[in-house]
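Note that these values count all heavy atoms, side chains included, but never hydrogens, waters or copies made by symmetry. One-based numbering, in listed order, for ligands and for the atoms of each. What you see is a predicted model, and the numbers here were worked out from it, not measured in a lab.
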Amino acid sequence: MTRIVYVNGEYLPETEAKVSIFDRGFLMADGVYEVTSVLDGKLVDFEGHAVRLERSLSELDMASPVTKDELLAIHRELVAKNGIEEGMVYLQITRGAPGDRDFVFPDPAVTPSTIVLFTQNKPGLADSPAAKTGMKVISVDDIRWGRRDIKTVQLLYPSMGKMMAKKAGCDDAWMVEDGFVTEGTSNNAYIVKGNTIITRQLSNDILHGITRAAVLRFAKEAQMQVEERLFTIDEAKEADEAFVTSATTFVMPVVEIDGAAIGTGKPGSVAARLREIYLEESRKAAI
Ligand code: PMP
């Protein structure tokens, strides 16, 4: 089955979809994105992703080419056209293709933004074997720009971080700035001490994860303690458990940091419980 994608108002087979070589997303990483997961053929936390998208766009003075209702309709149409039961919908909006390369932003009245959406089919996404074994992470310096709260398509350094992890025989990297963990290359980072879940507080230093918001809410509802504060790699190594969250990995245990086993070296019970609650509640609320 050929994948059907969405480009600037049209549903097309992926082989026929085109974006200009002058697109500022391509030339300058001048674009933002969202990834929404699909469970049981439905969108998980669409509202959260739509709200963050609006914020990313407004922080960059970029116009949205579609309304929130249109965006929901496009997401649903792509899920249906591609028969996605478990997987994700990727969405990207860039500042468009002005025709010449220029650092100055084009006039949005003349240059419309570019919008692209596509699906990725991932059967078994919720039943990932990695959730049972846990992930190994290394720490790397966080040398990204200072507006990580905006979900831009500048993903070169996170990609490099993943490659450094792979080279070290690990699964991912936790980034460290001024001695404190910021986040994973594509996820938010947590440690657990007793009944307390510790994760970095929100600021421009990290992406405000949609999964993070939901997981912290569920944790509080389940009477777990949540501390939003800075923590170091040394503190993480001494923790009982560690885990990460993101839209496509949900809650994923971390069992090793820089070669040191966390807790028992096996996925912990807090992470397992939060994953279970998150998946159950997300399936119920998916639209
Ligand atoms: N931090 C970074 C750097 C990310 O790339 C992501 C996922 N895109 C996250 C955190 C997790 O965000 P979410 O839960 O909204 O997927």
Atoms in ligand 1 with a heavy atom of Tyr33 nearer than 4.0 Å = 5 (O), 8 (N)

inquiry  = Is it true that, when you exclude Lys132 itself, more than 12 heavy atoms of the residues, nucleotides or ligands shown sit nearer than 6.0 Å to its NZ?
reply    = yes

ask   = Should you measure from each heavy atom of Ile210, which atoms of ligand 1 turn up under 4.0 Å away?
value = 13 (P), 14 (O), 15 (O)

message = Looking only at protein heavy atoms, which one is nearest to atom 16 (O) of ligand 1, and what is the separation?
response = Ala247 N, 2.8 Å

remark   = Out of His208, Arg52, Met88, the nearest non-hydrogen contact to atom 15 (O) of ligand 1 is supplied by Arg52

query = Does any N or O atom in Arg144 lie less than 3.5 angstrom from one in ligand 1, N or O only?
reply = no

message = Is there a path of hydrophobic side-chain contacts, each under 4.5 Å between heavy atoms of I/L/V/M/F/W/Y residues, joining Val66 to Leu91?
response = yes

ask   = Which one holds for Phe250 and ligand 1: side chain close, backbone close, both close, or neither close, with close meaning a heavy atom under 4.0 Å?
value = neither

Residue and atom name of the nearest protein heavy atom (relative to atom 5 (O) of ligand 1), distance in Å to one decimal = Ser186 CA, 3.4 Å

ask   = How are the rings of Tyr6 and Tyr11 set relative to one another: parallel (under 30°), tilted (30 to 60°) or perpendicular (over 60°)?
value = perpendicular

request  = Verify the neighbour count for atom NZ of Lys193: are there more than 12 heavy atoms of other residues, nucleotides or ligands below 6.0 Å?
outcome  = yes

key: Thr211 contact mode with ligand 1 (heavy-atom cut-off under 4.0 Å)   = both

task = Examine the side chains of Ser139 and Asp258 and answer whether a donor and an acceptor come within less than 3.5 Å of each other.
result = yes

query = Do you know which two heavy atoms are closest between Ile206 and Arg212, and how far apart they sit?
reply = CD1-NE, 4.5 Å

query = Taking all non-hydrogen atoms of both residues, which atom of Trp174 and which atom of Gly184 are closest, and how far apart?
reply = CD1-CA, 4.0 Å

request  = Check whether the side chains of Lys162 and Ser186 place a donor and an acceptor atom closer than 3.5 Å, and report yes or no.
outcome  = yes

query = Tell me, which protein residue and heavy-atom name are nearest atom 8 (N) of ligand 1, and how many Å apart are they?
reply = Lys151 NZ, 2.3 Å

request  = With heavy atoms only and a cut-off of under 4.0 Å, state how Arg148 meets ligand 1: side chain, backbone, both or neither.
outcome  = neither

Asn187 heavy atom under 4.0 Å from ligand 1 = yes

task = Give the atoms of ligand 1, by number and element, whose distance to some non-hydrogen atom of Asn188 is under 4.0 Å.
result = 10 (C), 11 (C)

inquiry  = Looking at Phe118, I want to see if its CZ is surrounded by more than 12 non-hydrogen atoms of other residues, nucleotides or ligands under 6.0 Å.
reply    = yes

N or O contact, Glu183 vs ligand 1, cut-off under 3.5 Å = yes

inquiry  = Measuring from non-hydrogen atoms of Ile206 to any atom of ligand 1, is the shortest distance under 4.0 Å?
reply    = no

ask   = Considering only heavy atoms, does Thr248 approach ligand 1 within less than 4.0 Å through its side chain, its backbone, both, or neither?
value = neither

Partner of Ile257 under side-chain contact (heavy atoms from CB on, under 4.5 Å), chosen from Ile138, Asp234, Val137 = Val137

Glu276, CD: over 12 other non-hydrogen atoms inside 6.0 angstrom = no

inquiry  = Any nitrogen or oxygen of Leu207 lying under 3.5 Å from a nitrogen or oxygen in ligand 1? Just yes or no.
reply    = no

remark   = Candidates Gly209, Ala189, Ala213; heavy atom nearest atom 12 (O) of ligand 1 found on Gly209

